[in-house]
Amino acid sequence: MKYKINTLLLFFTFIFNSVYAKDLMEPTSYSKDLYQEEILDGNYSNNITHPDEFLGFGIGERVAAPWQITNALKTWSTQSNRIKVVEYARTHENRPLHAVFISSPENINNLDKIKNNLSALSDARTTNDRQARSIIDNLPAVAWMAYSIHGNETSGADGALAAIYHLIASIDDDVLNMLDNMVIIVDPLMNPDGRARFVKSLEQYRGTAPNYDDQSLLHTGDWPYGRTNHYYFDLNRDWFYLTQPETKGRVKLINEWRPQILVDGHEMGPQDTFMTGPPREPINKNIDTDLIKWGNVFAQDQGNAFDERNWRFYTGEWHEDLYPGYSFYVQFRGTLGILYEQSRMAEDGVRRPEGTIQSYKESVHHQYVSTLVNLETLLKNSKEMYKDYWDGRKYNVSKDSEYANQTFVVLPTYNNTRLNTLADKLEAQDIELFRNTKDIKIENVTLQSGQLVTNYTIPAGSMIIPNRQPEAPLIAAILEFDADIDKDVLVEERQKSLKSGSSVMYDTTAFNFTMMYGLDAVTVDEHVDSNLETWKPSAVTSEITKDAVIWATNGTDDNSVAFAARLMEQNVEVRIIDKESTLSDHTLARGSVAVLQMDNPDITNLQNLVKTVSDELNISVVSIESGFGPEELPDWGGRHFRLLEKPQIAMLSHEGFNSYDVGVSWWSLDHHLGIRHSMINASLASYGDLRRYNTIIIPSGRSLDDYTADTLFEWVSQGGTLIAHNRSTRFLSSENGIGSVKQLQNTFDESEKYNFDLLREIYSQYENIDKDKTNNNIVDFDISYPWEELEGTLSESELKSRDKWQSIFMPSGSIVAGRIDDEHWLTFGTANTIPVLYSNLPILMARSYVDAPVRIGQMIPNDEIEEPRVINWSSLPAGNDLNVRMSGLVWPEASQRIANSAYLTRERIGNGQVILFSGEPNFRGATLGTNRLWLNAIVYGPGLGTRSRIDP
Ligand SMILES: [Zn+2]
């Protein structure tokens, strides 16, 4: 029975189809007339409201707004006993996220039981083969169908709305049979905030006539575009870092349900066709090959369905699967991931080179048909897939698996905040964590630097993750230091780089948690299972006594920065102890934050403020009765107790800036600090009142015009702290920039000077002097200078040629080692080697009058190296190797190119300073190691790096 459109609806169709105004001309045609196929062509019950009624237009004719989808789900859940709607999370903008369970009424009543059986089938330690067979016999198939994670890729959610209606309203036998044997979970709209932004721009840019020009604003939308969520995060990179509420809620529910397939409906370029799985190489080696086999079965059926309708499609061309943070995350847990990429029609449709117009409605139809075809394929193959799944689950916990003798160890740290964050993320993914109660002696371990160490002792209190557990492949994927890439793929990548500068890598090639988080870790090639207890977070112990002269919190903990920031925002004077100290028997790491009663004579509730803030942040605070540090350790009246200044923060934003970097920096301020700040339109930098701010962040972006650059220079000179990332750093270190930091390619005419300064820096760490020689009164004729034994120093022209060649091989996202200046305030809370995410970044060069708190390359002592050696412009003293690559693809040429360059610089200019990050320190909200450097820059910069202001 076909649904009949009533007259009221026709009225709505008219007014929604164009702007509403009587004095505008009627268009000569409507986009809704382009495509005559009916999407919903089944026989439906009259008791379920047709989607057209919620929308006010025919399904697929236009884009459904998030609130319309929510209304439909609410109404349907009251009309049908085949549906159960679960709100699994709320977005930052407080929109609901839904999982829509659809099945036969009987299955809907038994959802808990079905879920429990799936859990039992997932743990082969507590379920045996016989039980598994019986579970499989009785289990319905389970599918998770999810759409439009990118908010401006709209057709998926409209297709999902049609599919939900079809499944709950159909009176046809094939649907009823499917529901008897399957639980279908539809997540129709994974990113409602992004979609709402795009829907708003559709509304704003709509004229009277339909628009088929994919360059028009109607199609593109505007900055920051609809792809991302409220904080401009790409939710399809967040599946295991779990930083956003959408992902946290969704992954939790998916992990509980363990569906057999997970469909993820996207859109791609408007002039493209349709793509589905399976992916091409590089494919992460931790994915069960059974899934690739099944991926082909689904793709084949889907292809046949498209062929029948004369719809063009392809599989795999650009779709790789190395990075585990896509929706393909589920594959590491045994679920088949299926990707749809439909060419993007925005709303009306798109004119193509052959002159035809592909309508939006047709794109919705593609999503809809793909959905139903995939469900049919699952229905046919569900039992076989369950059997493969069960085999995989048995394998994961068996002592013969490739994971069985692999244990990941995170070493103890006082950085409880960061360690607890890691534990939360891992536990959210059903990963079992332990702590060793005693030291454990291990024969062989691999360090993050790649070094193998024998006879290693894992200190008591480490986080131990033995990988003989149900989620072994996932654990390996997100914790192994290096994701293996096949040699053929490397060959292809290298050939492509040389031929055209292109890449087969679609995303970053390094992503493991411990390096991203800057937590020291080792991998053990054995199964560690003795002297372990279940992991618990360390207890927070605060003793905040009234008669203390100082309350202090350990600077190693990341939340100490927020402690300082949140107290300063409440006008508390705060100090930082810039050197390790011991006061009243409490040892405080450098960077510890101290509140002194005598600094705050007018604050009567100081003790309570300190307590409230430390409770909010879950950090320990100690009370110190005496400001006397024994012997040479800092005392409270000395220069190591440095007064901070309240940061007043602005961040430049808008068109021209990288929205991801703007968004993640904005999120980092709100997530890690929660203090006030302003995002300002970058054009304001030239005419606004910058005196309101003492800290300005310039996220990765564009060049500034001369006038803006001059204004900022003036502002810095007056005492401002300017912090820039990546492309903005590229600009600031260029000829028209601010300060004296240069990029590598502009320094070859003075590379000796840079090397001279670098050697000063390196030798300043050396401890070996010959005292007798030093005290000899006779002039020594036998002094060795660092550059004298150096062979093979390169000429300027050779350096230039090398640089051109090496620049072809810059990484597209990998982790390299940063060595830190452990006396610099920017590196508070940071271990001696900090893993740094690196891609084609500006390569920063700093002379000795510029601080370089983080440089690329970890010095590794090696006694066999008897001569100093040359690396491009720089040199390395005898007795050392330099470790650059830590994880991911870094060609040897690239390692040479970036070796010894600065990742982070800080330069005093007038009364202020410029702090340059070569990269994006907050990438995806997951690079907690470099995030700490950034938080230090923002919160401590105004107090430590600029000349203090004194109010007259
Ligand atoms: Zn997408």
Side-chain angles (χ1 to χ4, degrees), residues 63-64 66 69 91 97 144-161 186-199 201-202 214 219-221 223-241 243-244 246-247 250-251 254 262-280 302 313-331 337-347 350 358 360 363-364 366-368 370-371 374 505-508 658-660 663 924:
V63 172
I69 295 175
T91 66
L97 291 150
W144 189 289
M145 316 298 282
Y147 304 86
S148 297
I149 197 166
H150 295 139
N152 58 354
E153 301 174 4
T154 50
S155 60
D158 289 296
L161 197 63
V186 185
D187 185 348
L189 176 51
M190 291 192 273
N191 176 10
D193 290 355
R195 188 180 182 93
R197 199 156 67 227
F198 185 65
V199 163
S201 83
L202 284 174
D214 60 24
H219 288 261
T220 60
W223 199 97
Y225 310 102
R227 176 183 176 92
T228 52
N229 78 346
H230 175 78
Y231 283 104
Y232 317 157
F233 271 67
D234 187 335
L235 295 176
N236 202 32
R237 300 293 182 274
D238 194 40
W239 286 71
F240 74 101
Y241 292 135
T243 66
Q244 299 301 295
E246 294 91 338
T247 328
R250 176 178 311 130
V251 168
I254 292 171
L262 181 138
V263 158
D264 178 18
H266 287 252
E267 289 181 345
M268 56 182 168
Q271 299 295 345
D272 219 315
T273 60
F274 186 98
M275 188 193 71
T276 185
R280 60 146 173 86
Q302 201 174 336
F313 71 97
Y314 60 95
T315 61
E317 281 182 24
W318 51 267
H319 162 208
E320 54 93 313
D321 205 2
L322 183 70
Y323 176 70
Y326 309 127
S327 61
F328 270 51
Y329 163 84
V330 296
Q331 306 225 115
I338 300 174
L339 177 71
Y340 303 164
E341 290 281 356
Q342 162 62 45
S343 52
R344 185 166 167 266
M345 298 295 131
E347 187 158 85
V350 164
Q358 188 170 105
Y360 181 66
S363 73
V364 173
H366 292 174
Q367 299 266 9
Y368 173 82
S370 300
T371 300
N374 282 169
M505 305 297 174
Y506 186 70
D507 204 274
T508 173
N658 177 327
S659 64
Y660 296 122
R924 292 184 183 160

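Computed over heavy atoms, backbone and side chain alike; hydrogens, waters and symmetry mates excluded. Indexing begins at 1, ligand by ligand and atom by atom, following the structure's order.
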J.: Does the side chain of Thr247 pick up a donor-acceptor pair with the side chain of Tyr241 at under 3.5 Å?
T.: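 Not at all, the side chains of Thr247 and Tyr241 share no donor-acceptor pair under 3.5 Å.
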J.: For Arg195, which residues count as a salt bridge (charged side-chain N to carboxylate O under 4.0 Å, His left out) partner, sequence neighbours excluded?
T.: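 Arg195 satisfies salt bridge (charged side-chain N to carboxylate O under 4.0 Å, His left out) with Asp158 only.
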J.: Report yes or no: is the cationic atom of Arg924 (NZ for Lys, CZ for Arg) under 6.0 Å from the centre of the six-membered ring of Tyr323, at an angle within 45° of the ring normal?
T.: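 Output yes; distance and angle both within limits.
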J.: Between Tyr340 and Tyr147, how do the two ring planes meet: parallel, tilted or perpendicular, split at 30° and 60°?
T.: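 Tyr340 vs Tyr147 ring planes: tilted.
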J.: Tell me if a side-chain donor or acceptor on Asn229 pairs with a main-chain N or O of Asn191 at a distance below 3.5 Å.
T.: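 Not confirmed, Asn229 side chain does not pair with Asn191 backbone.
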J.: Do Tyr506 and Arg280 pair up side chain to side chain, a donor and an acceptor below 3.5 Å, judged on atom types alone?
T.: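 The answer is no; no qualifying pair exists.
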J.: Which protein N, O or S atoms lie under 2.8 Å from the Zn ion (ligand 1), given by chain and residue number?
T.: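 Correct list: His150 ND1, Glu153 OE1, Glu153 OE2, His266 ND1.
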